[in-house]
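Heads up, the thing below is written out as structure tokens.
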Amino acid sequence: MEQPLSAAPAEQAGLRPPAPTGNQRSVPSRSRRVGIKDVAREAGVSLGTVSNVLNRPEIVAESTRSRVLEVIESLGYVRAEGARQLRGLASRVMALLVHDLANPFFTALACGVEQAAREADLGVMVCTGAHRPAEAARHLSLITSHQVRGAVLTSAEGAGRTAAAFRRNAVPYVMADQNAPQPGTCSVGIDDVAGGHAAVRHLLERGHRSLVFVSGPERLQQIRDRRRGALGALTAAGVAASALRELPCAALTVPAGRDAGQRILGLTDRPAAVFCANDLLALGVLQALYEAGLRVPDDIAVVGYDDIEFAASAVVPLTSVRRPASAMGRQAGRLLIEDTDRGTGHTHRHVVLQPELVVRRSTMAAPLR
């Protein structure tokens with residue numbers, strides 16, 4: 001499903017423009033990158049002075065140097081070392097910014113982006129740790145310095161700040177794993193409300209009426225959507241929302257899942273089934289239950305989310321909601337390529353992919369009634 005988007009010249013709500021110093025500074029148009037001439041004009045100095053601040057700061061008076069550096073930071077200027085040499089290669093490389101390739105979901109997404117790039121005879125620069133502001137800034141500097149064609153950004157905490165910095169430097173980008181349309185750019189997401197609904201509906205159909213949702217950081221829209229879908233399944237089945245208890249986790253990792261499993265074991269009223277916000281959490285829960293001697297799913301059923309490669313090979317094969325990570329990466333890569341090809345007449349749009357429940361032994365050891 002695709003939703004056309006209209007271009008929006010204003011910054012997205014919640015993103016702060018550069019702070020003024022003295023008279024209000026005018027930020028250069030997003031149709032071009034911030035250049036050294038913009039810095040010189042805003043700082044009221046010559047091009048040579050800016051060059052000296054960048055290359056020989058020791059010869060510039062401290063007050064002048066401080067003023068120039070302040071303007072560089074406020075305008076988001078990034079040096080383009082090597083741009084002349086790399087300009088011929090520039091249009092043949094795209095970038096991908098992901099959180100952590102240790103998470104198999106992002107590895108699959110990266111494979112999809114790489115497939116789209118290969119189809120267009122492009123290369124991919126992969127940058128990790130993009131959720132940390134310092135890393136995101138370093139990646140932006142690298143990308144602009146190398147005249148990269150554009151970037152696929154994965155949506156998470158800090159993604160809004162990263163996207164704003166890319167816009168200021170006129171670097172085209174596409175948001176991946178983004179569940180809402182984004183003005184002025186393309187995005188690809190997955191219907192996580194439908195995914196959460198499918199997971200809990202499956203457990204209800206198995207006769208379970210005491211459930212736990214092992215969730216992740218509340219700041220993530222994906223977690224909120226999966227919860228909303230889970231509660232919607234309860235409502236549709238005429239089951240009270242109180243049938244679903246929530247155990248939040250600070251991270252979406254196996255250790256966090258093991259900790260959640262220990263908390264489940266400590267509950268006086270142990271649930272009949274557990275729905276985990278991702279497969280890494282579910283694998284950790286399975287480990288804790290297995291070590292405690294509980295049988296899955298006879299004593300407690302478990303559903304994960306993402307359907308990563310390891311879900312099917314767990315000690316008890318894991319029922320999971322499959323999110324098509326590779327397809328999402330491939331679609332995001334193709335949208336970026338189309339957006340940066342001036343001959344295509346590109347229109348920004350939001351693409352929504354559908355999840356799929358994959359049923360395995362962690363919920364289905366006994367035959368269906």
Side-chain angles (χ1 to χ4, degrees), residues 7-95 97 125 127 129-130 132-151 153 158-174 182-185 336 339-340 342:
E11 292 282 356
Q12 296 181 41
L15 297 177
R16 295 185 301 172
T21 300
N23 295 331
Q24 178 67 44
R25 294 190 178 119
S26 59
V27 179
S29 167
R30 290 181 210 141
S31 62
R32 61 180 179 84
R33 286 191 173 94
V34 176
I36 192 171
K37 291 182 179 179
D38 300 307
V39 175
R41 182 176 60 252
E42 294 299 332
V45 298
S46 68
L47 292 175
T49 298
V50 177
S51 177
N52 285 335
V53 169
L54 294 172
N55 298 296
R56 295 189 296 166
E58 70 280 359
I59 71 170
V60 182
E62 183 177 353
S63 59
T64 302
R65 184 170 67 245
S66 297
R67 184 166 75 254
V68 171
L69 290 175
E70 181 183 349
V71 172
I72 286 173
E73 181 178 1
S74 67
L75 293 184
Y77 169 72
V78 180
R79 299 176 68 177
E81 292 99 337
R84 289 182 182 176
Q85 302 95 301
L86 294 167
R87 199 174 304 278
L89 183 63
S91 63
R92 312 314 304 165
V93 178
M94 56 196 291
L97 275 69
M125 173 193 296
C127 305
R132 297 188 293 271
E135 282 298 297
R138 188 176 71 85
H139 297 330
L140 174 60
S141 178
L142 184 65
I143 287 166
T144 52
S145 294
H146 286 69
Q147 300 286 293
V148 170
R149 180 186 189 115
L153 311 179
R161 293 190 299 271
T162 302
F166 274 64
R167 283 197 304 276
R168 285 197 301 270
N169 285 274
V171 179
Y173 66 92
V174 170
Q182 296 295 298
T185 190
L336 180 64
D339 185 16
T340 53
R342 297 182 179 179

For Ile36 and Ser51, the nearest pair of non-hydrogen atoms, with its separation, is CD1-N, 4.2 Å
Measuring from atom CG of Leu336 to atom CZ of Arg149, what distance do you get when rounded to the nearest 0.5 angstrom? 7.0 Å
Mind checking the CG-OG1 spacing from Asn52 to Thr64? Nearest 0.5 Å is all I need. 11.0 Å
According to side chain to side chain donor-acceptor pair (under 3.5 Å), who are the partners of Ser63, at least two apart in sequence or on a separate chain? none
So, for Ala43 and Val68, which heavy atoms are closest and what is the spacing to 0.1 Å? CB-CG2, 4.1 Å
Within the structure provided, determine whether Leu69 and Val53 are in side-chain contact (heavy-atom separation under 4.5 Å). yes
Quick one, Met94 and Thr340 - any side-chain contact, counting heavy atoms below 4.5 Å? no
Under 3.5 Å, side chain of Ser74 to main-chain N/O of Glu70, donor-acceptor pair present? yes
Provide the closest heavy-atom pair for Ala95 versus Val148 in the form atom of the first, atom of the second, distance. N-CG1, 3.6 Å
Atom CZ of Arg65 and atom CD1 of Ile72: how far apart are they, to the nearest 0.5 Å? 11.5 Å
